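Take a look at the structure set out below.
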Amino acid sequence: AQKVTQAQTEISVVEKEDVTLDCVYETRDTTYYLFWYKQPPSGELVFLIRRNSFDEQNEISGRYSWNFQKSTSSFNFTITASQVVDSAVYFCALRMAAGNKLTFGGGTRVLVKP
Amino acid sequence: GAVVSQHPSWVICKSGTSVKIECRSLDFQATTMFWYRQFPKQSLMLMATSNEGSKATYEQGVEKDKFLINHASLTLSTLTVTSAHPEDSSFYICSAYRGRQQPQHFGDGTRLSIL
């Protein structure tokens with residue numbers, strides 16, 4: 001069975017601070033996909049990134065960066081120079097290559113104060 | 001722009017009413033769609049997998065007679081909450097599967113309030 005753990009339930013920072021969201025996953029499969037989604041207060045889920053299990057390159061997109069460490073089964077997400085608009089719940093999710101279901105973590109609520 | 005449209009965004013109705021929620025893939029054909037339920041400050045809970053042209057697959061503990069799913073076309077899945085009661089009040093969100101190399105695309109969700 002698959003499992004995704006986001007140990008931080010809520011993080012509060014002041015604008016311009018960096019914030020790192022942890023994600024640890026469990027799976028016996030060797031091929032899988034990892035995702036991060038953002039859920040702002042309005043409720044919709046916004047896709048941020050997908051990472052294949054065989055691609056351990058870290059990725060940067062603007063103020064967002066992701067650190068995939070297969071050895072520790074972690075896929076952490078960092079927001080650099082946070083802004084108030086980054087306030088949202090962020091979900092890490094796992095999908096098996098052979099399947100189509102997503103397994104979500106519990107989510108981390110990020111509050112960026114001005 | 002949005003690739004999955006969900007309607008309505010908000011529903012407030014009396015106990016005993018049946019409520020239908022639509023999920024449409026806008027620019028691709030989705031043989032598989034998913035329905036999730038989310039309680040306040042909690043994660044998404046998968047309710048069922050909707051398969052075009054066949055019966056939906058429900059997760060353990062989800063009442064199939066309570067939550068009717070129909071996926072009659074490649075771009076539309078509907079979730080009907082039958083004889084809704086206050087405990088059915090929740091945020092329902094759908095997603096469409098576009099293939100292994102693609103992420104799931106989510107609708108904007110429906111907030112259902114049963115009085």
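All chains are named by letter (A, B, ...) in the order of the sequence lines, taking the proteins before the strands, and each is independently numbered beginning at 1. Basis for what follows: all heavy atoms, side chains included, without hydrogens, waters or symmetry-related copies. Quick caveat: nothing in here was measured; it's all calculated off a predicted structure.
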Let me confirm one number: the [atom1]-[atom2] distance from [X] to [Y], rounded to the nearest 0.5 Å.
{"X": "A/L45", "Y": "B/S95", "atom1": "CG", "atom2": "OG", "value": "9.0 Å"}
{"X": "B/Q102", "Y": "A/Y33", "atom1": "CD", "atom2": "OH", "value": "10.0 Å"}
{"X": "A/N100", "Y": "B/T31", "atom1": "CG", "atom2": "OG1", "value": "8.0 Å"}
{"X": "A/L102", "Y": "B/F34", "atom1": "CG", "atom2": "CZ", "value": "7.0 Å"}
{"X": "A/K101", "Y": "B/T57", "atom1": "NZ", "atom2": "OG1", "value": "7.0 Å"}

A/G105 backbone acceptor or donor facing B/S43 side chain under 3.5 Å: yes

Membership question, hydrophobic clusters at under 4.5 Å side-chain separation (ILVMFWY): are [Y] and [X] in the same one?
{"X": "A/F77", "Y": "A/L94", "answer": "yes"}
{"X": "A/I49", "Y": "A/Y32", "answer": "yes"}
{"X": "B/L44", "Y": "B/F67", "answer": "no"}

With the side chain counted from C-beta on, respond yes when [X] and [Y] share a heavy-atom pair under 4.5 Å apart, and no when they do not.
{"X": "A/F47", "Y": "B/Q104", "value": "no"}
{"X": "B/L46", "Y": "A/F104", "value": "no"}
{"X": "A/V46", "Y": "B/F106", "value": "no"}

Max heavy-atom pair count under 4.5 Å with chain B, selected residue of A/G107, A/G43, A/S42: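 Most heavy-atom pairs within the cutoff with chain B belong to A/G43.
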
Among the listed options A/Q6, A/R95, A/R109, the residue most often paired with chain B at heavy-atom distances under 4.5 Å: A/R95

Salt bridge present between A/E10 and B/K41 (N-O < 4.0 angstrom):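 Looking at A/E10 and B/K41, the cut-off is not met.
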
Short side-chain donor-acceptor distance under 3.5 Å, B/Q38 and A/Q39: yes

Contacting moiety of A/A97, where chain B heavy atoms sit under 4.5 Å: backbone

